[in-house]
Each structure stands twice: as structure tokens, then as C-alpha cells.
Amino acid sequence: MKNLKNYNIKDKKILFRADLNVPFIDGVITDTSRIQAIKSSIEILISNKNKIFLMAHFGRPKGEIVEKYSLNFILPSLKETLNLDKVYFLDKFDHDSVEKIINEMQAGNLCLIENIRFLKEEENIDLNFAKKISSLFDVYVNDAFSASHRNHTSITGFPKFLPAVAGNHMMLEINSINSFLNNTKKPNMAIVGGSKISTKIQLLNNMIEQFSAVAIGGAMANTFLLANNYLVGKSLVEKNLIQEANNIQLKAAKFNCELLLPVDVVCGKNIHDTNPIHRKIDEVLPKEMILDIGEASKQSINNKIINSKMVLWNGPVGAFEFKPYDNATNAIANTIKLNAKKLNINTLAGGGDTVSAIKNTHAEDGFDYISNAGGAFLEWLEGNESPGVKSLKENNLI
Ligand code: 3PG
Ligand code: MG
């Protein structure tokens, strides 16, 4: 795969796919790591006097112009992070508008294109559009690992018409995740949380084959508890997936993978209830909701972590956005922070919520690598190489 280390790009016009889908809450970007992520690639391309067009999405406007999803808001942060005085902004991504602005730009300038998902051509994979736009550029760079699981024009369309190159962050994500997955040391454990088992069935099936232990937390654990005939009151649960939960448990037994399910929980009347009640797993009342794993369950995950050689983490084990139901998730982050280096445990984490929890507890130091990808991280762990990475590998226009 061509990348910025083995392929030199100088004095060219570049179409650059970034993932600028940053968390933006009440007018504030709460995490700039996706902007930081492209810095290394952009700096090289600027110093080599290329004209760079940044192409990215924000939210899911689905082919319509939706003002609140305009990428305009990111310009100040982009300039600051990349140390640039000026960044051009292109609000109409068509042949003539691109051509006009290319002529205005100097070598080494950067232009941000308005939210690519304002265009129907993005999700419809419009190859005529891709071809026409590509005629104005020399090279396509993809530095958006976290968006490369989407089969969209900006990910898989342009590499059909332009020499395609992986950016530095793309390479870092692929190499870091693969190096963790390909260098197995046993015993190893995966911690899988989140609200829905439906989104993680494939992941669990894959993890069971590769890990000595899989700890399951978050609301997805409730479906397993129900499958094991425990009453879960008003908790979130996916009743239609009870059979699936049973299949996963049978498969775990077959592969000798220890499944750690909660043995005690923390309940509230709802997520805003600040008077949590600890319950053994067979004591949950009909009016209660399970919102975190309990003390004993937390201890058993923490013990398993310190006795493992590798730990993979995806998904919080409780409703961590609502205090005090962040307790067990924070405790896991802290256990990893305090022990990983000391005990030589290899650690990998990813997924938006998991990364937030790690940042909230300042536990970054405990991780060998933290992926800034959500869905793309999950799909990679399921064993699927993303369409964007395939497009880069298959590109033969260089
Ligand atoms: C993400 O935030 O995970 C990526 O930017 C992909 O966004 P999407 O799930 O809307 O495709
Ligand atoms: Mg997402």
C-alpha cells in the first residue's frame, strides 16, 4: 500500500479524506483528537508545496444541505491545530468551483471542502462525479481510518480515478491494531460493553475464538442475564436476541473462553436517579434498571486484567455518561492505567465512548494504543478489512 513514507508527493493538487466528525457539544469541540490525527500528514504535504483539499463529513445530513451540519465551525480549530494563518473554505464542491479556488491558492495552501454528506453523490457512490472531480487533482490521500468502513464516494470512489495513498494516521491505526491482533500472548482478555448486543454479535463471536476471557458489561449484558433466567426489571434488553446470547455462551464453552457476566449490579429507577442501589444479580426488582456492574463484578474484571498479558477494550460497562453509573467503567480505566506498564500488559482500546471514559479518567498512559475510530474499529475487530483500506491496496494508478 502506498503511503506518505514510501511515496513522495511534491507540487501536486491533492484530494485528502480526513475524518473531522468531532464531538461538538453546545458550540464547543470537546475532543480535537481527529484534527490532531491529520497533522502529521498535512505538515508533510504542506512542506512539499502541495495544494491540499480537505474532504470530510460531519453528522449524517444524508445528501441534504443542513445548516447545523456545516463544517464551517471547525475552521478556527483547524487553523490552530495545524498552525495555519489561512484555510480556504469551499462551500460548493463542483468542478468549476474547485477549479476557481485552485487557481487562487498558492503552493502549500489548504482548502476545507463543505460537508461531503451534503451531496447526494457521496452516499450514492456517484462515479461520474468522482471522475469529473478527479480530473482536477493529481493524488488522493486517505487519512480517515475511522470513516473507511463506509463505502462512499469520498472513500472508495476517488481511488478509482486517482493514484491513492494512505496518510500517516491511517497507517498508524492499521499497524497498531494489527500488531495487537497478530501478536497474541495468552492469557488475554477482551472487555466488551455498550448498550446493544445486536451491534456486537459478530465481535463477540470473533473475540471468543481468540481470547482466554471475555468480560461483558453495559446494557448488552442484560440480554445475557435474561437468557440465564435472571429478572432484569426495567433494564434495557433485547428480548429478540436471547437465543443469540445462548449461542454465544455455548460457543464460549466450546472454545474454552471464560465469559465474565455480572454477578452483581447497580440499579436506579432511571438514568437520572442519583441514589443507586447495589443488588445481587437475583435481587433486581421489577421497577429497577440495571445501570452499572456491581462491586464483585468490577473486582473480578480488575483481577482478570492484572492476570492477563493482553487486554482489549471496547464499550463502557455502565451508563457512564450519568454519574454515579460511571463507577465501574472508570475503575477499569484506572486499573489499566496503574498496572499495564508495570505488569507488561499489552493494551488496546477504541470506540467513541471508551475513548471518552479513558480521557475522563486520564488513563491514556495505560494504553499502548487508543484508536480514534468507532464503527470502523469495531468492524476491523470483527475481522473485516474496510472498503477504504481495500481501495488503497487495490489502487494501481500510481
Ligand atoms: C465516526 O464518527 O465513527 C465516523 O466519522 C463515521 O461516521 P458515520 O458512522 O456517521 O459514518
Ligand atoms: Mg459512529
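These values consider heavy atoms only, across backbone and side chains, with no hydrogens, waters or symmetry-generated copies. Read the numbers this way: they start at 1 and go in the same order the structure lists the ligands and their atoms.
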I'd like to check which ligand 1 atoms, numbered from 1 as shown, lie under 4.0 Å from a non-hydrogen atom of [X].
X    : result
R60  : 8 (P), 9 (O), 10 (O)
D19  : 4 (C), 5 (O)
N21  : 1 (C), 2 (O), 4 (C), 5 (O), 7 (O)
R150 : 8 (P), 9 (O), 11 (O)
R117 : 8 (P), 10 (O), 11 (O)
S146 : 4 (C), 6 (C)

Do the side chains of E385 and K393 get close enough for a salt bridge, i.e. N-O under 4.0 angstrom?
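Salt bridge between E385 and K393, a charged N being under 4.0 Å from a carboxylate O: yes.
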Got a donor-acceptor contact below 3.5 angstrom from the T156 side chain to the T153 backbone?
no
Tell me which part of R34 gets within contact of ligand 1: side chain, backbone, both or neither, using heavy atoms under 4.0 Å.
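The part of R34 near ligand 1 is the side chain, not the backbone.
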Do [X] and [Y] have side-chain atoms, one donor and one acceptor, less than 3.5 Å apart?
X    : Y    : answer
D94  : S97  : yes
K298 : N327 : yes
Q202 : N384 : no

Please report the interatomic distance CE(M55) to CD1(I14), rounded to the nearest 0.5 Å.
12.0 Å
